[in-house]
S.K.: 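Pasting a structure here, questions to come.
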Amino acid sequence: SGINAEYGGHGHLCEEIYMLRSNTYFKRIPDVVVYPGCHDDVVKLVELAVKYNVVIIPMGGGTSVSGALMCPEEEVRPIASLDMTEMNRIHWIDPENLMAHIESGIIGQDLERKLESEGYTTGHQPDSLEFSSLGGWVATRASGMKKNVYGNIEDMVVRIKMVTAKGTLEKSCQVPRISAGPDVHEFILGSEGTLGVITEVTMKIKPLPECTRYGSAIFPDFDKGIQFMHAVSRKQIYPASIRLMDNDQLQFGLAIKPEKTLIEQFTDTIKRMYITRLRGFNPTKLALCTLVFEGSTATVEKQESEIYAVAAEYGGIPAGEENGKTGYLLTFNIAYLRDLGMNYGFLAESFETSVPWDRVSDLVKNVKQRIIIVCREEGVRHPPHISSRVTQAYDTGACCYFYFGFGSEGVPDPLKAYSAIERSAREEVLANGGSVSHHHGIGKVRSDYLESSISPVGKQALVAIKNELDPNNIFGNGNLIGVVGPSLKSKL
Amino acid sequence: YRPPKYRNIRYRVPCAIREEVLQSNRVRRVISVVGKETGRTREDLTSEASAILEEMGHEFSETILRCIGGLIRKVFKQITTRVTVHTAGLEELRRLSSQKPLLLMPTHRSYLDFLLVTWVLYSFDIKTPVIAAGQDFMFMRGVGALLRRCGAFFIRRSFGKDKLYWALFTEYTQTHIINGDAPVEFFIEGTRSRTGKSLQPKFGMLTIALEPYFDARVADIGICPITLSYEKTVEENLHVREMMGTPKPKESTTGLIKARAILDNNYGTIHVNVGQIFSVYEMAQGKVDRKVRALVPRAVIPSVHPHERSFVNKLAYRVILEQQANAVVFPCSVLSALLLYRVSNKQWQIPSHELEVDMQWACGLLISLGCCVSWDNSADLAHHTAMLAPVVFQEEDNVVVDKNPPSADHLNSVFKQCHSLISLGRRRNELMHAVVHAAIIAKVLMRPKTRERTLMEYQQLRDILQYEFIFMPGRGEADFQCTTQQLLDLGLLTVSADVYKFVDMDTRSFLTSLLDPFLITYIDSWQFCISYMPRTAQHGQNIKSFCNRVQTYLSILYCEPYTHGESVNLTVLENSILVLVKLGHVVMDKTKKTVYCCDPLAFSNAISLFAFTIYPLSAKL
């Protein structure tokens, strides 16, 4: 159970993994791990916690990359980790209204498998799908790859049940829309476990698509690709997923591509010659756009032809289904690769932001440059890996995703260097008009930036809600708004 | 010649740059705004914009640069003894040139400046800059076109409120910085300094150049102050004449051909010093919040925020102070100061051996004050005198200051001897930046004073001389602290019971002699102001013509013998009026440049109080 407790005390932030692997102990881990089996169990547990002043940290899949699961070091009360993964049932599926009522502890891939067997999908597909849970998605305002068709998590939920220190918060009806003052779902979404435990969620579901097809196009450079994506968004031709990888990420992706047969290698050579020799693309500049089309066969075909027509306007060449598929492979492999990299002292992390269209290109350029400069200042010996992709397109802007990593060889304190680099990268993002986060959330590592993001008054409002719903700070994981309320007082 | 390129560069030919400027957001917006205001059609305005860009843009060509490179080398070989460069600084510059867009900010003393910088960078395999130049050169047949091909782009001297021109010029400059086509070179002083001292910084161009950073178009900009120290500038004589009121001759190709005589002269040594390269990102930390601009979409023309403006102002001063810190002072400047000191004591012929001893002493003093003097402990007086020719010559064992130099033939007799003095003053000015703080303190401590009083009077003098020398605004007390500590360490100053006393009398009188010409001229000029400055706005007189009146008055006042040239030096006279405007005694109309003084009584009281503190024993007042 010591192992379980330690497991309950971390997510998948680079720092956390590094500490685990380097035998640096966490200053504080949960004292007890509890596995509730249903909503009522949670209600009872929270009542007990209030009675005995025990801190509850809810946990789903444990894939947080914001330090959200770390126990506050200064906490002196007992901490109970509420592992929700036993609550993994689908209560019902409603084929009439296309909804499903699901317990929050269910892991993404299990949910999809179960729904698929009934002929449905939620369409929510974050990169962490293998491990992350429904409750976690709601608590962090998750975003999925196919949001263009299915929406982000906030577009998918119909009804949420959350157990707070003052009782259960829920809406009394299961309706597509309600005008009853500000939507209470809005402060549950992204509350990061600070207000209560999400136990059950009613979600929209869709019949499995008739047709799913991958696609890709290459562009002479990243800027041309961005212009293409912007044009796609202006024309409102949104395929299920559209992503643009820069050259560094493309090469990274190619490096981990499965091995090829001789014939495939031969055709590859021909293709490469066509692109570089005949079309004059610079192989160190070109960018790859990967696409997923979903829907009826007719829709998919129409979208495909429209998309490739726009691509041609911006110098893009269709690059086949295979390249599209490989592009998405990296997404799921990256977490495993990071662990592998750490064996060789390579520290890596991903971060993301959202930004208006007119600043996408500059933001990516500037953030890369900042990381290179700070790495040198921090004594990193070799050029860092820094690659990016534009991973979601919206009407008014885009989501940019970065991978960065560096060899820590010869760096006296790799973690310190890492966090200095991470910080200045984040500050550069903000200075460039980017958001503090698109879908990773605030947690503890980004809580310094909350106030400047939503104004002091905005933060006060969040603090006020917290103090009202949880006056004794039972949900004292210290996320989002930091440690507030009476937690420090109560130890006296 | 294969210089490293900026890492985010997109290759563009000069006409593609102009085309992009024409298509830019800013220019298209301004065209539609101007169209609405004036009723002109879009086509009409676009073709005007296109014509302006043709007139402005450079035509950089690497082939031409290679050809010219050899030629420039020949010219410098012909007219100089040697050109020395700061190689470590240039290596750093080359390293950074691939990392971030760069601004090169050389000092501006001579027409040769930009040839020199371009040539040095070319020789060191660094991307040569595009240079913001005045339009004067553009009209030189052949030369203008040649300079364009070396990267010069031409800006009208004044374009006031011409929105279209402003937008084109802004966009043209910024696009080079954003894309990093080449370093952008401009002169923070705005124009050539005729006086040998740094001019007050100009902020407009620097603001434009830093906007891409404020607007997060680039992650950082490197600012590279470059100091060009000439042992003797080519245009020396012209500058002296201009200071006395002869207008600058118009630049022309025939003029250039006529001036080929300069090729026969030797202008000594030139030092090219690359200063510390500032990172705008680092300097702006905590001072400029780029987020503020992110709320304005790129399609809207941004405005400069007050915190950005104050950052730019500070930075401009930093650049000039860095240029000064890297300046090399030549012994002939020290010699000029010593000669002027003797002249102020009515000694126009000085025995060489005395001067040699003085030189040794004065150079030692300057070096100990932290000034970089190219002094090798051997007074080659003949060489230094030759560098001051024709206003100084050696006669037997004496060094003589010519009361009637051949270069002043065209002047009337009143101004003749001033010519020599202004010429020497110009050379002396080249060392002023290193001693000005010490000199003010020496002046204040004509008799011992408490620390508090010394500081107060130091601040007062600093305020009065703010147009004459470069003082970082708001750093008065820190500079004072720093300088007094230096003087204490050198044993020139003592402090007991909080009272400062200047103990080395030779040093004190030498230092004060450097400052006196300015202070005396200021007081004299102000006395004229009390009596003759217009009283009301409608009688306001143009500052330039008013200065001419002051000049005439002072030339009559002093007729014989002159002891310092500053009293007829128009730049000093103008500064003396400008500081009155700054201190609120005189009102200046910004657009018409006219001055008047509404309360001469209060003003005259303020002046006599000041004059008394500076010259308690002066017989003249």
Side-chain angles (χ1 to χ4, degrees), chain A residues 220-224 226-227 230 246-248 280 282 284-285 315 353-377 383-384 386 388 396-397 400 420-421 423-436 449 451-455, chain B residues 5-12 20 23-26 29 92 95-102 174-175 177-180 210-222 277 279-282 284-302 305 307-308 311:
Chain A
D221 58 43
F222 196 53
D223 278 348
K224 272 275 177 301
I226 293 171
Q227 287 162 19
H230 192 182
D246 72 354
N247 194 265
D248 298 304
N282 180 348
T284 63
K285 287 259 162 74
T353 186
S354 51
V355 65
W357 279 116
D358 62 349
R359 288 175 171 265
V360 172
S361 163
D362 288 338
L363 181 135
V364 171
K365 240 182 282 177
N366 290 345
V367 170
K368 284 183 176 181
Q369 190 160 352
R370 175 69 49 231
I371 288 180
I372 290 169
I373 291 170
V374 184
C375 277
R376 194 182 302 121
E377 282 169 7
I386 163 78
S388 71
T396 58
C400 302
I421 297 164
R423 261 193 102 73
S424 51
R426 178 59 54 192
E427 270 153 25
E428 189 67 33
V429 163
L430 294 172
N432 278 270
S435 62
V436 64
Y449 304 111
E451 188 169 285
S452 66
S453 293
I454 62 170
S455 84
Chain B
K5 302 274 195 290
Y6 172 52
R7 56 190 298 272
N8 290 332
I9 193 173
R10 271 182 306 116
Y11 291 92
R12 305 187 289 184
E20 279 184 34
Q23 297 303 329
S24 68
N25 247 326
R26 181 190 298 267
R29 286 238 147 196
E92 178 69 0
R95 190 181 73 77
L96 289 177
S97 68
S98 65
Q99 305 292 324
K100 46 185 152 187
L102 291 169
Q174 292 183 350
T175 189
I177 295 166
I178 293 166
N179 191 45
L210 293 190
E211 220 174 32
Y213 172 77
F214 299 146
D215 213 16
R217 303 298 299 258
V218 292
D220 194 6
I221 296 176
I277 301 173
S279 153
V280 173
Y281 169 76
E282 278 168 27
Q285 282 296 304
K287 299 195 180 91
V288 175
D289 184 6
R290 285 178 287 164
K291 277 205 293 296
V292 178
R293 283 212 182 205
L295 294 178
V296 182
R298 290 268 160 83
V300 175
I301 298 164
H305 291 260
H307 61 270
E308 291 165 356
F311 171 72

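Chain letters run A, B, ... following the sequence lines, proteins first, then strands; residues in each count from 1.
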S.K.: Looking at A:Arg370 and B:Asp220, does any basic side-chain N land under 4.0 Å from a carboxylate oxygen?
M.R.: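 No, no charged N to carboxylate O under 4.0 Å.
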S.K.: Need one label for B:Val296: side chain, backbone, both or neither, based on atoms under 4.5 Å from any heavy atom in chain A.
M.R.: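 Only the backbone of B:Val296 comes within 4.5 Å of chain A.
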S.K.: Closer than 4.0 angstrom, basic N to acidic O: yes or no for A:Glu428 and B:Arg290?
M.R.: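 B:Arg290 and A:Glu428: salt-bridged.
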S.K.: At a heavy-atom separation under 4.5 Å, does B:Asp215 approach chain A through its side chain, its backbone, both, or neither?
M.R.: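 Both parts, heavy atoms under 4.5 Å.
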S.K.: What residue, out of B:Lys100, B:Arg217, B:Lys291, has the most heavy-atom pairs lying under 4.5 Å from chain A?
M.R.: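 So the answer, after comparing B:Lys100, B:Arg217, B:Lys291, is B:Arg217.
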S.K.: Where on A:Ile372 is there a heavy atom nearer than 4.5 Å to chain B: the side chain, the backbone, both, or neither?
M.R.: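 Only the side chain of A:Ile372 comes within 4.5 Å of chain B.
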S.K.: Quick one: sort the A:Trp357 and A:His230 rings into parallel, tilted or perpendicular, breaks at 30° and 60°.
M.R.: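 Plane angle under 30°, so parallel.
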S.K.: Would A:Asp223 and A:Gln227 satisfy side-chain hydrogen bond (donor to acceptor under 3.5 Å, both in side chains), going step by step from the backbone distance to the final call?
M.R.: CA-CA 6 Å; A:Asp223 278 348; A:Gln227 287 162 19; 5.9 Å; no
